[in-house]
Amino acid sequence: MASRTMLVAFSRKSRVQACGLRHLAVRGLASSSQKAREDSWLRSLFVRKVDPRKDAHSNVLAKKETSNLYKIQFHNVKPECLESYNKLCEEVLPKIHADEEYPCTLVGTWNTWYGEQDQAVHLWRYEGGYPALTEVMNKLRKKKEFTEFRKARGNMLLSRKNQLLLEFSFWNEPVPRKGPNIYELRSYQLRPGTMIEWGNHWARAIRYRQDGDEAIAGFFSQIGHLYMVHHLWAYKDLQTRDDIRNSAWQKDGWDECVYYTVPLIQEMESRIMIPLKNSPLQ
């Protein structure tokens with residue numbers, strides 16, 4: 001009898017303790033939940049709000065007054081063929097540029113001097129966007145001279161790639177320029193989703209780099225390697241380039257542009273290029 005009484009008392013005590021533990025657990029959960037809400041509220045004070053976009057960045061950042069499309073070509077040439085390649089391009093490319101049948105313009109053509117060696121870079125503008133590009137390609141395929149040019153050119157190449165680009169609305173329109181100049185093509189691979197942020201910062205920063213008339217054009221990719229930005233600059237020589245770039249750091253606001261845009265970049269590359277003798281940008 002005594003042992004049964006002790007068992008009943010022990011059972012009641014266990015239930016009381018269990019209830020107490022459940023009560024403490026509920027209080028703990030409630031306290032944790034309240035703390036989580038407080039932490040979330042505090043974080044909301046410091047986390048930068050992202051403005052949701054309702055349109056493609058091509059519509060937000062590109063020039064509205066033009067419907068130009070650009071194509072940039074990178075041709076890696078067999079070292080022993082570079083001279084023949086340049087001669088072939090100097091014979092054929094100006095004919096396409098001058099022929100009014102084709103709604104396209106050769107903006108510039110170069111060899112890479114510093115950067116990837118034995119490389120040719122060509123920049124084309126298509127007045128009328130994608131329909132103009134399609135029209136030019138369809139017409140050129142029917143030209144015997146062009147098909148022969150492509151075949152001869154192909155025998156001289158190691159590899160090639162291209163990208164279709166749009167202009168940033170806040171950059172200069174690339175126009176023919178007298179030389180002699182060297183050209184720098186600075187290419188930036190951005191983190192996906194950061195193109196508009198890049199454009200917002202550079203729309204303010206470009207004014208710090210226009211004093212010496214060195215800013216030629218700025219583009220962002222639409223087809224090919226995506227989230228690519230290309231900035232094209234012209235300088236008298238390498239020393240002038242160095243002087244102009246250093247002087248930008250003396251202007252209030254340039255450091256802020258660099259501070260906010262560098263984290264947006266995954267990779268970057270600089271090419272120093274020499275124009276071919278038939279390039280509109282000399």
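All of these numbers come straight from a predicted model, not from anything done at the bench.
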Checklist entry - Is the backbone N or O of Asn155 less than 3.5 Å from a side-chain atom of Lys78, with the two atoms forming a donor-acceptor pair by type? => result yes
Checklist entry - Should we count OH of Tyr260 as having more than 12 external heavy atoms under 6.0 Å? => result no
Next on the checklist: Using modelled atom types and a 3.5 Å cut-off, is there a donor and acceptor pairing between side-chain atoms of Thr134 and backbone atoms of Tyr130?
Outcome noted: yes
Checklist outcome for this item: Note: with side-chain heavy atoms under 4.5 Å as the link, the other cluster members for Tyr183 come out as Tyr70, Ile72, Phe74, Val107, Trp110, Val121, Leu123, Leu165, Leu185, Ile216, Phe219, Leu232, Met273, Leu281
Next on the checklist: Here's one to test your reading of the geometry: is the NZ or CZ of Arg209 within 45 degrees of the ring axis of Trp254 and under 6.0 Å from its centre?
Outcome noted: yes
Checklist entry - Taking NZ, NE, NH1 and NH2 as the nitrogens, is one of them in Lys87 or Glu83 under 4.0 Å from a carboxylate oxygen of the other? => result no
Next on the checklist: Here's a test for you: under side-chain contact (heavy atoms from CB on, under 4.5 Å), which of Met137, Lys143, Lys139 qualifies with Arg141?
Outcome noted: Met137
Checklist entry - Is any side-chain heavy atom of Gln266 less than 4.5 Å from a side-chain heavy atom of Pro192? => result yes
Checklist entry - So if you build clusters from Ile, Leu, Val, Met, Phe, Trp, Tyr with side-chain heavy-atom gaps below 4.5 Å, do Val262 and Tyr227 land together? => result yes
Next on the checklist: Using every non-hydrogen atom in the two residues, find where Asn138 and Lys142 come nearest and quote the distance to one decimal.
Outcome noted: O-CG, 3.5 Å
Checklist entry - Of all heavy-atom pairs between Met156 and Cys81, which one has the smallest distance, and what is that distance? => result CB-CB, 3.8 Å
Item to check | Any donor-acceptor N or O pair under 3.5 Å, side chains His230, Ser187 | outcome: yes
Next on the checklist: Hydrogens and angles aside, do Asn86 and Glu90 bring a side-chain donor and acceptor to less than 3.5 Å of each other?
Outcome noted: no
Checklist entry - Is the shortest side-chain N to carboxylate O distance from Arg271 to Glu269 below 4.0 Å? => result yes
Checklist entry - Going from CG on Asp243 to CG on Asp237, what distance comes out if it is rounded to the nearest 0.5 angstrom? => result 8.5 Å
Item to check | Neighbour count >12 (heavy atoms, 6.0 Å) for atom CG, Asp252 | outcome: no
Next on the checklist: Quick check on the hydrophobic clustering: are Ile244 and Trp249 connected, directly or via other members, by side-chain heavy-atom contacts under 4.5 Å?
Outcome noted: yes
Checklist entry - Same cluster or not: are Leu276 and Trp113 linked, directly or through other Ile, Leu, Val, Met, Phe, Trp or Tyr residues, by side-chain heavy atoms under 4.5 angstrom apart? => result no
Item to check | Single hit among Val136, Leu133, Ile96 for side-chain contact (heavy atoms from CB on, under 4.5 Å) with Trp124 | outcome: Ile96
Next on the checklist: Apply side-chain contact (heavy atoms from CB on, under 4.5 Å) to residues Arg153 and His75 and explain how you reach the verdict.
Outcome noted: CA-CA 10 Å; Arg153 185 188 67 183; His75 291 173; 3.5 Å; yes
Item to check | Lys236 backbone acceptor or donor facing Thr240 side chain under 3.5 Å | outcome: no
Checklist entry - Going from CG on Asp242 to OG on Ser247, what distance comes out if it is rounded to the nearest 0.5 angstrom? => result 10.0 Å
Next on the checklist: Run the side-chain contact (heavy atoms from CB on, under 4.5 Å) test on Met228 and Gln189 for me, step by step, so that the C-alpha distance in whole Å, both residues' side-chain angles and the decisive distance to 0.1 Å come before the verdict.
Outcome noted: CA-CA 5 Å; Met228 286 292 299; Gln189 174 66 61; 3.1 Å; yes
Next on the checklist: Within this structure, what is the CD1-CD1 distance for the pair Ile272 and Ile182, rounded to the nearest 0.5 Å?
Outcome noted: 5.0 Å
Checklist entry - Take atom CD in Glu267; do more than 12 heavy atoms of anything else shown fall under 6.0 Å from it? => result no
Item to check | Mutual orientation of the aromatic rings belonging to Phe168 and Phe220 [parallel < 30°, tilted 30-60°, perpendicular > 60°] | outcome: tilted
Item to check | Lys277 side, atom NZ; Cys89 side, atom SG - distance, nearest 0.5 Å | outcome: 12.5 Å
Next on the checklist: List the residues meeting salt bridge (Lys or Arg N to Asp or Glu O under 4.0 Å) with Glu256, not counting sequence neighbours, and say none if there are none.
Outcome noted: none
Item to check | Parallel, tilted or perpendicular: rings of His231 and Trp198 (30°, 60°) | outcome: tilted
Next on the checklist: Suppose we screen for side chain to side chain donor-acceptor pair (under 3.5 Å). Which residues come up paired with Tyr188, at least two apart in sequence or across chains?
Outcome noted: Arg186
Next on the checklist: Would the distance check show the side chain of Ser279 and the main-chain N or O of Gly108 forming a donor-acceptor pair, the cut-off being under 3.5 Å?
Outcome noted: no
Item to check | Nearest heavy-atom neighbours spanning Thr112 and Gln117 | outcome: O-NE2, 4.4 Å
Item to check | Counterpart residues, ring pair (Phe, Tyr, Trp, His ring centres under 6.0 Å), relative to Tyr114 (two or more places apart) | outcome: none
Checklist entry - Does the Arg160 side chain pair with the main chain of Leu157, one donor and one acceptor, at a distance under 3.5 Å? => result no
Item to check | Side chain proximity check, Arg125 to Cys104, heavy atoms < 4.5 angstrom | outcome: no
Checklist entry - What closest approach, in Å, do Ala120 and Tyr85 show between heavy atoms, and which atom pair accounts for it? => result CB-CE2, 3.3 Å
Next on the checklist: On a heavy-atom basis, which atom in Phe149 and which in Leu93 lie closest, and how many Å separate them?
Outcome noted: CZ-CD2, 4.1 Å
Next on the checklist: Run the side-chain contact (heavy atoms from CB on, under 4.5 Å) test on Asn172 and Ile206 for me, step by step, so that the C-alpha distance in whole Å, both residues' side-chain angles and the decisive distance to 0.1 Å come before the verdict.
Outcome noted: CA-CA 10 Å; Asn172 302 335; Ile206 188 62; over 6 Å; no
Checklist entry - How many angstroms lie between atom CG of Asn181 and atom CH2 of Trp233, to the nearest 0.5 angstrom? => result 14.5 Å
Item to check | Counterpart residues, ring pair (Phe, Tyr, Trp, His ring centres under 6.0 Å), relative to Tyr126 (two or more places apart) | outcome: none
Item to check | Pairs where residues 94-107 contributes a residue and the test side-chain hydrogen bond (donor to acceptor under 3.5 Å, both in side chains) is met, not counting sequence neighbours | outcome: Lys95-Glu145, Thr105-Glu127
Checklist entry - Nearest 0.5 Å, what's the NZ-SG distance between Lys251 and Cys257? => result 12.5 Å
Next on the checklist: For a 4.5 angstrom cut-off between non-hydrogen side-chain atoms, does Ser221 reach Leu164?
Outcome noted: no
Next on the checklist: Looking only at side-chain N and O atoms, does Asp118 offer a donor or acceptor that is under 3.5 Å from a partner on Asn76?
Outcome noted: no
Next on the checklist: Testing the basics here: between Leu158 and Val77, what is the closest heavy-atom pair and its distance to 0.1 Å?
Outcome noted: CD1-O, 4.0 Å
Checklist entry - Can you list the steps and then say if Arg177 with Gln282 is a side-chain contact (heavy atoms from CB on, under 4.5 Å)? => result CA-CA 6 Å; Arg177 174 177 297 225; Gln282 283 295 313; over 6 Å; no
